[in-house]
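Since the structure comes first, as structure tokens, the remarks are kept for the end.
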There are 2 protein chains.
Amino acid sequence: MRNDSRLSRMLHVLIHMDRHQNAATSEMIAKMLNTNPVVVRRTMAGLRDQGYVRSEKGHGGGWTLVRPLSEMTLLDVYNALGEPHVFAIGPADDQPKCLVEQAVNNALADAMKEAEALLLRRLGNVTLEEIAAEFEAKLTARSAAAYSCAS
Amino acid sequence: MRNDSRLSRMLHVLIHMDRHQNAATSEMIAKMLNTNPVVVRRTMAGLRDQGYVRSEKGHGGGWTLVRPLSEMTLLDVYNALGEPHVFAIGPADDQPKCLVEQAVNNALADAMKEAEALLLRRLGNVTLEEIAAEFEAKLTARSAAAYSCAS
DNA sequence: GATTTTGTAACAAGACAAGTGACATGAGCC
DNA sequence: GGCTCATGTCACTTGTCTTGTTACAAAATC
């Protein structure tokens, strides 16, 4: 568990969901992600609250896509997850009294803010459909038998 | 301890060291950083190994700057610390078999690689001297009495 | 009413920086 | 030589955050 992999996992799931008609249960999704149904529900909750997916209980229930992949950017998913911390590094003190430390924090914060802005801009410029298309291209390029994913 | 604050702390220390003639002991530095001498020695070890600072034992010992601040960029310090993980987010699986997951990872990795490159480029373009200069400017702008830092 | 499936709380695990105590090593001072 | 100061390093704990897991209530379908 070195990284926060929620964004990666949700993108993975959403594209798979688009390729299936029926609702996917948390258990099916969990198997696909090599994880636990509770983790799935926990992570998908944000997407549901933002209206990207719908969840239904009972027989035949599970998770379904609400929006087409073409109307969801990677940034949308990131935001729906609650905008997790991007960086693992940061200042020792957010409100330091020491002017030296303030200057250091300013310099670091400037650079990090730019990098974060670039990252989010990039995420906002890519739709899930584009990633799905890249996958389709690979799929046809290779033999279909080479494709394996527990879904 | 939300973040890895080693870079921030080391920059802070190095600038302070430049403003003092004598060697600074780990204990003095620890007080300045509100931390522990062992943490200081542990973190400074990388800087010492890279030749940016020198440590001496015994009476009058402690830490001294080897290079002028003008010859150290923020990137140098980052590298000396062992290039810690920049991002808190990442893929769920580094070598996934699933082609969808591969496509997702590629898209994320591209964006993150760009953002990391920008960040490191920015860090490489700023010397510690420039941060020190910014501090000096603030110091003269405000009354000297407003400056307080336990060093 | 039984079964399926989500929703959620509560808690353990794993990772990693940071905090802490103990002790050996080496350098200077008397 | 012996004392003191200071680093070097090991071992262990703490704090924080995502994940993993168990348990159980709530709702929808059969």
Side-chain angles (χ1 to χ4, degrees), chain A residues 1-10 12-13 17 22-49 52-64 66 78 81-94, chain B residues 1-10 12-13 17 22-49 52-64 66 78 81-94:
Chain A
M1 188 232 315
R2 209 176 65 239
N3 288 321
D4 178 350
S5 59
R6 284 175 292 178
L7 177 58
S8 160
R9 281 177 157 175
M10 288 302 97
H12 182 187
V13 165
M17 285 172 66
N22 308 335
T25 66
S26 301
E27 192 162 340
M28 290 164 55
I29 297 174
K31 280 216 182 74
M32 186 167 78
L33 296 180
N34 286 311
T35 181
N36 193 293
V38 177
V39 175
V40 173
R41 289 195 275 270
R42 190 192 285 156
T43 314
M44 304 268 289
L47 301 183
R48 180 192 55 221
D49 295 345
Y52 296 118
V53 298
R54 189 176 49 225
S55 61
E56 274 162 325
K57 298 180 177 177
H59 279 279
W63 300 85
T64 47
V66 171
Y78 170 81
L81 288 172
E83 310 178 12
H85 282 345
V86 168
F87 292 108
I89 61 180
D93 184 347
D94 279 318
Chain B
M1 186 237 315
R2 210 177 63 238
N3 288 320
D4 177 350
S5 60
R6 285 176 292 178
L7 177 58
S8 161
R9 280 177 158 176
M10 288 303 98
H12 182 188
V13 164
M17 285 172 66
N22 308 335
T25 67
S26 301
E27 192 161 342
M28 290 162 57
I29 295 173
K31 280 215 181 74
M32 187 167 79
L33 296 180
N34 285 311
T35 180
N36 193 291
V38 178
V39 175
V40 172
R41 288 195 274 269
R42 192 191 285 157
T43 313
M44 304 267 289
L47 301 182
R48 180 193 56 222
D49 295 345
Y52 296 118
V53 298
R54 188 175 49 224
S55 62
E56 274 162 326
K57 298 179 177 178
H59 280 279
W63 300 85
T64 47
V66 171
Y78 169 81
L81 288 172
E83 309 177 14
H85 282 347
V86 168
F87 292 108
I89 61 180
D93 185 346
D94 279 318

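So you know, we letter chains A, B, ... as the sequences are listed, proteins then strands, and number each from 1.
Distance, B/L47 CG to D/dG8 P: 12 Å, rounded to whole Å. Counting to the nearest Å, the C1' atom of C/dA15 and the CZ atom of B/F87 are 20 Å from each other. To the nearest angstrom, P of C/dG7 lies 10 Å from CD of A/E56. Here the P atom of nucleotide C/dA18 and the CG atom of B/N3 are 9 Å apart, to the nearest Å. Going from atom CE of A/M28 over to atom P of C/dT6 covers 10 Å, rounded to whole Å. Atom CG of B/N36 and atom C1' of D/dA11 are 14 Å apart (whole Å). For B/R42 and C/dG19, the CZ to P distance is 9 Å, given to the nearest whole Å. Rounded to an integer number of Å, the gap from B/I29 CD1 to D/dT7 C1' is 11 Å.
Along DNA chain C, the nucleotide nearest to B/H59 and the one nearest to B/P84 differ in position, and the one closer to the 5' end is contacted by B/P84. Residues A/K57 and B/W63 both approach DNA chain D. Their nearest nucleotides, taken by heavy-atom distance, put B/W63 toward the 5′ side. Between B/T35 and A/A45, the residue whose closest nucleotide on DNA chain C is further toward the 5' end is A/A45. If you find the closest nucleotide of DNA chain D to A/G60 and to A/P37, the one lying nearer the 5' end belongs to A/P37.
The shortest distance between the side-chain N/O atoms of A/T25 and the OP1/OP2 oxygens of C/dT4 is not below 4.0 Å. Between A/R9 and D/dG20 there is a side-chain polar atom (N or O) within less than 4.0 angstrom of OP1 or OP2. At C/dG7, none of the side-chain N or O atoms of A/R41 fall inside 4.0 Å of OP1 or OP2 (strictly under the cut-off). Note on B/R6: a side-chain N or O is less than 4.0 Å away from OP1 or OP2 of C/dA18. Distances shown here put every side-chain N or O of B/S5 at or beyond 4.0 Å from the OP1 or OP2 atom of C/dA17. At the phosphate of C/dA18, neither OP1 nor OP2 sits under 4.0 Å from any side-chain N or O atom of B/T43.
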### Task
Take A/W63 and A/S26, measure what side-chain hydrogen bond (donor to acceptor under 3.5 Å, both in side chains) needs, and give me the verdict at the end.
CA-CA 7 Å; A/W63 300 85; A/S26 301; 2.9 Å; yes
### Task
For side-chain contact (heavy atoms from CB on, under 4.5 Å), just list the numbers for A/V66 and A/Y52, CA-CA rounded to whole Å, side-chain angles, deciding distance to a tenth of an Å, and then say yes or no.
CA-CA 5 Å; A/V66 171; A/Y52 296 118; 6.0 Å; no
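Heavy atoms of B/R48 sit under 4.0 angstrom from primed sugar atoms or phosphate atoms, though from no base atom. Across all strands, A/E27 comes closer than 4.0 Å to no nucleic acid atom at all (heavy-atom distances). In this structure, B/D4 reaches the sugar-phosphate backbone alone: every heavy-atom distance under 4.0 Å involves primed, P, OP1 or OP2 atoms, never a base.
Within the 4.5 Å cutoff, side-chain heavy atoms of A/V13 are placed close to those of A/M44. Taking the side chain as every heavy atom from C-beta outward, B/M10 and B/L81 approach each other to under 4.5 Å.
Remark: A/E27 CD is loosely packed, at most 12 non-hydrogen atoms of other residues, nucleotides or ligands lying under 6.0 Å away.
Rounded to the nearest 0.5 angstrom, A/R9 CZ and A/N34 CG are separated by 8.0 Å.
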